[in-house]
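Encoded as structure tokens, the structure appears first; notes follow it.
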4 protein chains.
Amino acid sequence: MAATRPKPENRSQERREKILQAAISLFSEQGYHHSSTRQIAKAAGVSEGTVFNNFESKSALLEIIIQGFYERLRNTAQEGLVNKHGCKEQFDFLAENHICVISEDNFLLMRLLAVYFSEHFNFYLDYRNSSIFKHSKIYTSLFDQVIREGIARKELKEDIKLSAMRDLFFGSMEYGVRSMLAQLETEETELNQEKLKAYAHSLCQPIWQSMENSEDQRSKDNQKELNLCERLERIADRLEEKI
Amino acid sequence: MAATRPKPENRSQERREKILQAAISLFSEQGYHHSSTRQIAKAAGVSEGTVFNNFESKSALLEIIIQGFYERLRNTAQEGLVNKHGCKEQFDFLAENHICVISEDNFLLMRLLAVYFSEHFNFYLDYRNSSIFKHSKIYTSLFDQVIREGIARKELKEDIKLSAMRDLFFGSMEYGVRSMLAQLETEETELNQEKLKAYAHSLCQPIWQSMENSEDQRSKDNQKELNLCERLERIADRLEEKI
Amino acid sequence: MAATRPKPENRSQERREKILQAAISLFSEQGYHHSSTRQIAKAAGVSEGTVFNNFESKSALLEIIIQGFYERLRNTAQEGLVNKHGCKEQFDFLAENHICVISEDNFLLMRLLAVYFSEHFNFYLDYRNSSIFKHSKIYTSLFDQVIREGIARKELKEDIKLSAMRDLFFGSMEYGVRSMLAQLETEETELNQEKLKAYAHSLCQPIWQSMENSEDQRSKDNQKELNLCERLERIADRLEEKI
Amino acid sequence: MAATRPKPENRSQERREKILQAAISLFSEQGYHHSSTRQIAKAAGVSEGTVFNNFESKSALLEIIIQGFYERLRNTAQEGLVNKHGCKEQFDFLAENHICVISEDNFLLMRLLAVYFSEHFNFYLDYRNSSIFKHSKIYTSLFDQVIREGIARKELKEDIKLSAMRDLFFGSMEYGVRSMLAQLETEETELNQEKLKAYAHSLCQPIWQSMENSEDQRSKDNQKELNLCERLERIADRLEEKI
DNA sequence: GATGAATGAGAGTTCATTCAT
DNA sequence: CATGAATGAACTCTCATTCAT
């Protein structure tokens with residue numbers, strides 16, 4: 001009996017997972033508003049009541065799916081970061097990971113966020129207190145960590161405005177994905193990962209550049225300073241001579 | 001009599017405008033999905049049939065409102081650009097204008113775009129063929145023009161990847177606005193224009209930097225150094241005379 | 001001026017006719033219920049108000065179109081009957097004419113009658129007093145005339161139940177047309193006139209037969225009588241011999 | 001408890017039946033187009049949603065009611081045919097049954113068919129594939145069976161064109177009913193069954209006549225002649241004896 | 001007589017959610 | 001804890017008809 005005890009929990013978990021997967025699949029194919037809870041129940045092979053026994057409401061289901069995506073983003077990011085040493089490597093990896101994960105399930109995360117904001121955005125105070133916002137913060141704080149470490153290691157400038165960098169980083173990728181989708185050739189139906197990664201790179205390049213504590217630049221500046229110093233010294237020499 | 005002739009046309013335009021304003025107002029306050037066509041008709045002081053005589057459907061109304069915003073963005077941008085000379089000035093102005101206009105009506109444009117994408121985003125081919133996409137392109141091409149002119153005038157580098165810059169520019173502002181809203185102090189209910197402009201500036205700074213022609217900058221720096229040296233030399237000359 | 005006087009009337013008549021034709025065309029293509037008065041007005045190139053200045057209501061328009069069909073049926077029948085001599089010829093012609101005319105405009109008459117009956121049939125008293133019923137009676141009375149003349153000329157039996165013949169005649173053709181349409185080969189999109197006429201013929205044959213005052217049958221009877229007579233004569237002969 | 005188990009299914013069936021009966025009753029009294037689904041729900045004592053949980057749409061409800069009529073026609077016909085021996089008896093019974101059943105509920109079947117054809121008749125391919133057409137075929141094939149058996153038993157001619165007979169049979173009855181309704185005396189509000197059966201008989205007579213095997217009839221005639229001849233011969237014999 | 005904007009009741013249908021079983 | 005029938009408010013949209021111009 002003890003061996004069978006965990007079963008109910010497992011069954012329960014399986015059911016929950018089935019419903020989630022059914023919802024993800026339907027939302028991805030038809031959109032949130034065009035997928036009814038009845039359809040979700042049917043697709044999950046459970047009754048309509050069961051959906052509501054497992055999830056408070058349809059919009060709660062939406063939130064949980066979005067959270068799941070953020071968790072996935074965070075997990076893949078954290079796992080990947082472990083192997084990356086050096087700030088630039090980590091920075092680039094975060095971008096690649098982000099653009100690849102958000103493109104999953106036909107860009108479902110972005111579409112669901114659009115749904116979420118289309119219903120809740122007016123109530124931004126709600127958003128701030130929402131668990132979605134919290135998950136989003138947890139995830140994006142990985143970016144912050146990477147940058148902060150970069151600064152600490154003097155790889156990056158000290159006077160970086162972090163929030164601006166974050167917005168540039170995540171905002172441009174999400175906006176860029178939309179642009180890319182809209183400009184797909186008619187025959188194409190998908191964006192391949194290589195294309196996405198390459199694009200992510202072209203967006204990150206300027207951001208990185210602006211943060212970089214460039215050795216090159218420092219040495220150039222030093223050179224200029226040296227030249228200036230030399231001239232000033234010559235002036236000083238002349239003054240000395242006069243005195 | 002001749003003076004009263006134009007009335008019918010005006011009346012018709014007025015009614016249409018009334019409906020649009022009512023819709024904008026309701027969408028802004030309650031969101032698109034929670035504003036019914038009945039409410040809109042009532043708020044506009046017309047019958048429900050009149051709404052549908054003037055607009056094909058509720059979603060057509062949505063599209064027209066979004067288009068209106070893009071037209072407003074383009075018009076204010078075009079008018080403002082006339083007085084701005086110099087690429088940097090224009091670039092900064094575009095950012096300020098963008099962030100100010102999208103913050104109007106409680107960030108209605110962004111919320112309506114979220115609605116639009118939440119329903120249509122899966123069908124990106126639809127989006128590409130939609131009039132909204134066309135309006136958006138017309139507007140964002142102003143940015144392209146400014147950058148291209150900057151390149152032509154050698155103020156900007158030649159090898160700029162325009163689409164990446166565009167996505168950084170518009171994407172970071174829209175993402176940034178969301179972040180700012182989510183982080184408003186509880187007592188605040190609005191973002192004031194100054195704050196917005198300042199933020200736009202901090203987002204634009206790195207983008208500009210990455211595009212700027214460093215040849216230009218170097219010569220400017222050199223110029224400054226030279227000027228400094230000259231002044232010092234003149235000072236030295238005067239000292240020489242005095243002594 | 002005297003020459004231009006008739007114009008207004010003509011114009012008015014033209015308008016009316018345009019509206020009628022537009023309605024017929026739309027009803028034929030989309031059905032009565034799916035054709036709005038707005039569409040009709042547009043197709044006729046007039047305003048919506050004009051439709052209602054010329055026809056009391058949409059259903060009045062329907063009735064007038066149905067009446068027009070009955071008039072057409074009557075006119076073509078009357079004109080055709082003039083050249084047909086002999087009851088059988090006229091009878092066959094009526095059938096051919098009927099089936100050909102009702103097949104016009106994609107069987108519009110039948111479809112419009114279905115509309116009419118679907119809305120008014122419950123109120124059969126209304127139907128009896130309606131002008132459609134009157135027109136229908138005027139038309140079908142041509143059949144009655146032909147039969148009555150046939151009886152008068154001894155071509156048809158005296159004890160024919162006219163109403164039953166009429167119902168067999170018109171009922172079977174209309175029902176038969178429906179059957180034929182339902183059993184069209186998939187590649188066919190129309191019933192050609194020859195097929196229709198042939199079918200009309202196979203429906204009419206039994207009806208005619210039942211009414212015919214057959215010469216053939218009389219002659220067969222004569223033959224039998226002759227045979228009988230011959231035998232009697234032989235019997236008489238034998239009697240003569242005996243005597 | 002076991003006894004109460006089947007309840008849910010029964011309840012469900014009862015509800016469905018209630019809705020059907022409510023719809024039949026309302027359609028019969030007010031016509032299909034003038035009976036709203038709201039009214040039907042109210043009359044059935046259920047909510048509007050329940051109507052649509054049980055029937056896909058209002059027009060599906062229409063189709064199911066029509067199918068019910070066809071089933072009733074078939075069932076009463078099949079049951080009745082069992083007791084009828086001889087082709088003529090069966091043929092007459094089919095006619096009586098048909099005209100009696102279609103006159104039920106104020107001729108609802110015919111009126112609902114009019115509704116159906118008024119909406120779908122243009123799309124005859126749809127009709128052919130519709131379940132209504134199938135039910136109608138199943139029912140009318142009973143007529144075909146009776147006739148084929150009659151042919152097999154040599155009671156009917158071999159060269160009968162079955163489809164024409166079918167169209168004459170069913171077409172004339174339905175057309176005839178319309179005529180009768182339109183010519184009811186004002187004080188009458190119903191057609192009584194005797195009248196209907198008598199009329200059915202007068203429509204069937206010519207159809208039967210045209211199918212009847214004349215061989216059969218001829219042999220009967222011959223028999224009569226033979227009998228006659230025999231009698232004459234007997235008379236002649238007697239005469240011979242006397243002489 | 002022509003116009004066509006305005007009407008507004010009413011239609012069919014959807015759907016998240018509840019709750020008795 | 002699962003079920004799924006029942007709910008009923010709410011939705012967008014249609015359309016014949018009117019009437020001021």
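Predicted model only: the values in this text are computed from it and were never measured. First the proteins, then the strands, lettered A, B, ... as listed; each starts at 1.
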Between [options], which one does the side chain of [X] approach most closely?
X      : options                   : answer
S47(B) : dA6(F), dG12(E), dG8(E)   : dG8(E)
F52(C) : dC13(F), dT18(F), dA16(E) : dT18(F)
E48(D) : dA16(F), dT7(F), dA10(F)  : dA10(F)

For the pair made of [atom1] in [X] and [atom2] in [N], what is the distance, rounded to whole Å?
X      : N       : atom1 : atom2 : result
L62(B) : dC13(F) : CG    : P     : 12 Å
Q30(C) : dC15(F) : CD    : C1'   : 14 Å
H33(A) : dC11(F) : NE2   : C1'   : 14 Å
Q39(A) : dA16(E) : CD    : P     : 9 Å
K42(B) : dT7(E)  : NZ    : C1'   : 16 Å
F55(D) : dA6(F)  : CZ    : C1'   : 15 Å
L26(A) : dA16(E) : CG    : P     : 12 Å
I19(C) : dT3(E)  : CD1   : C1'   : 12 Å

Given that S57(C) and N54(D) both sit by DNA chain F, which one's nearest nucleotide is further toward the 5' end?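 Final value for this comparison: N54(D).
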Nearest-nucleotide comparison on DNA chain F, the residue closer to the 5′ end among H34(C) and N53(D):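 Per heavy-atom nearest nucleotide, the more 5' residue is N53(D).
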Would you classify S35(B) as touching base, sugar-phosphate or nothing, given that sugar-phosphate means primed atoms plus P, OP1 and OP2, and contacts are heavy atoms under 4.0 Å?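 Sugar-phosphate: the residue S35(B), judged by heavy atoms under 4.0 Å, touches backbone atoms but no base.
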Mind checking S36(B) for me? I need base, sugar-phosphate or nothing, with any heavy atom below 4.0 Å counting as a touch.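 Contact class for S36(B): sugar-phosphate only.
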Within the 3.5 Å criterion, strictly below it, is a donor on E63(B) or S130(B) matched to an acceptor on the partner's side chain?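 The answer is no; no qualifying pair exists.
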Would you tell me if any nitrogen or oxygen in the side chain of T37(D) comes within less than 4.0 Å of OP1 or OP2 on dG12(E)?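 It does, given that an N or O in the side chain of T37(D) lies less than 4.0 Å from OP1 or OP2 of dG12(E).
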Give a yes or no on this: more than 12 heavy atoms of other residues, nucleotides or ligands lie within 6.0 Å of atom CD of E71(D).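 Enclosed: over 12 neighbouring heavy atoms sit under 6.0 Å from CD of E71(D).
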Which residue lies toward the 5' end of DNA chain E, V51(B) or R38(D), if each is placed at its nearest nucleotide?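 With V51(B) and R38(D) compared, the 5'-side residue is V51(B).
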In terms of the nearest nucleotide of DNA chain E, which residue is placed more toward the 5' end: E56(D) or R15(C)?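 With E56(D) and R15(C) compared, the 5'-side residue is R15(C).
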To the nearest 0.5 Å, how far apart are OG1 in T50(B) and CZ in R16(B)?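 Those atoms lie 13.0 Å apart.
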Can you pull out every ring-ring contact (aromatic ring centres under 6.0 Å, His included) where at least one residue sits in residues 34-58 of chain C? Sequence neighbours excluded, please.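 Found none.
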For DNA chain F, write out the stems as range with range, using runs of 3 or more consecutive Watson-Crick or G-U pairs with both distances under 3.5 Å.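 Paired runs of 3+ in DNA chain F: E:2-21 with F:2-21.
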For a side chain to side chain contact (heavy atoms under 4.5 Å, CB included) check, start with the C-alpha distance between N129(C) and F133(C), then their side-chain angles and the critical distance, and finish with the verdict. CA-CA 7 Å; N129(C) 297 322; F133(C) 180 58; over 6 Å; no
Any donor-acceptor N/O pair, S28(B) side chain to L108(B) backbone, under 3.5 Å: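 No, the answer is negative, given that no donor and acceptor are paired below the 3.5 Å cut-off.
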Main-chain N/O of E48(C) paired to R38(C) side chain as donor or acceptor, under 3.5 Å: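 Side chain of R38(C) to backbone of E48(C): no pair is present.
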Tell me the closest heavy-atom pair linking V51(C) and I19(C), and the distance in Å.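 Residues V51(C) and I19(C), closest heavy atoms: CA-CD1, 4.1 Å.
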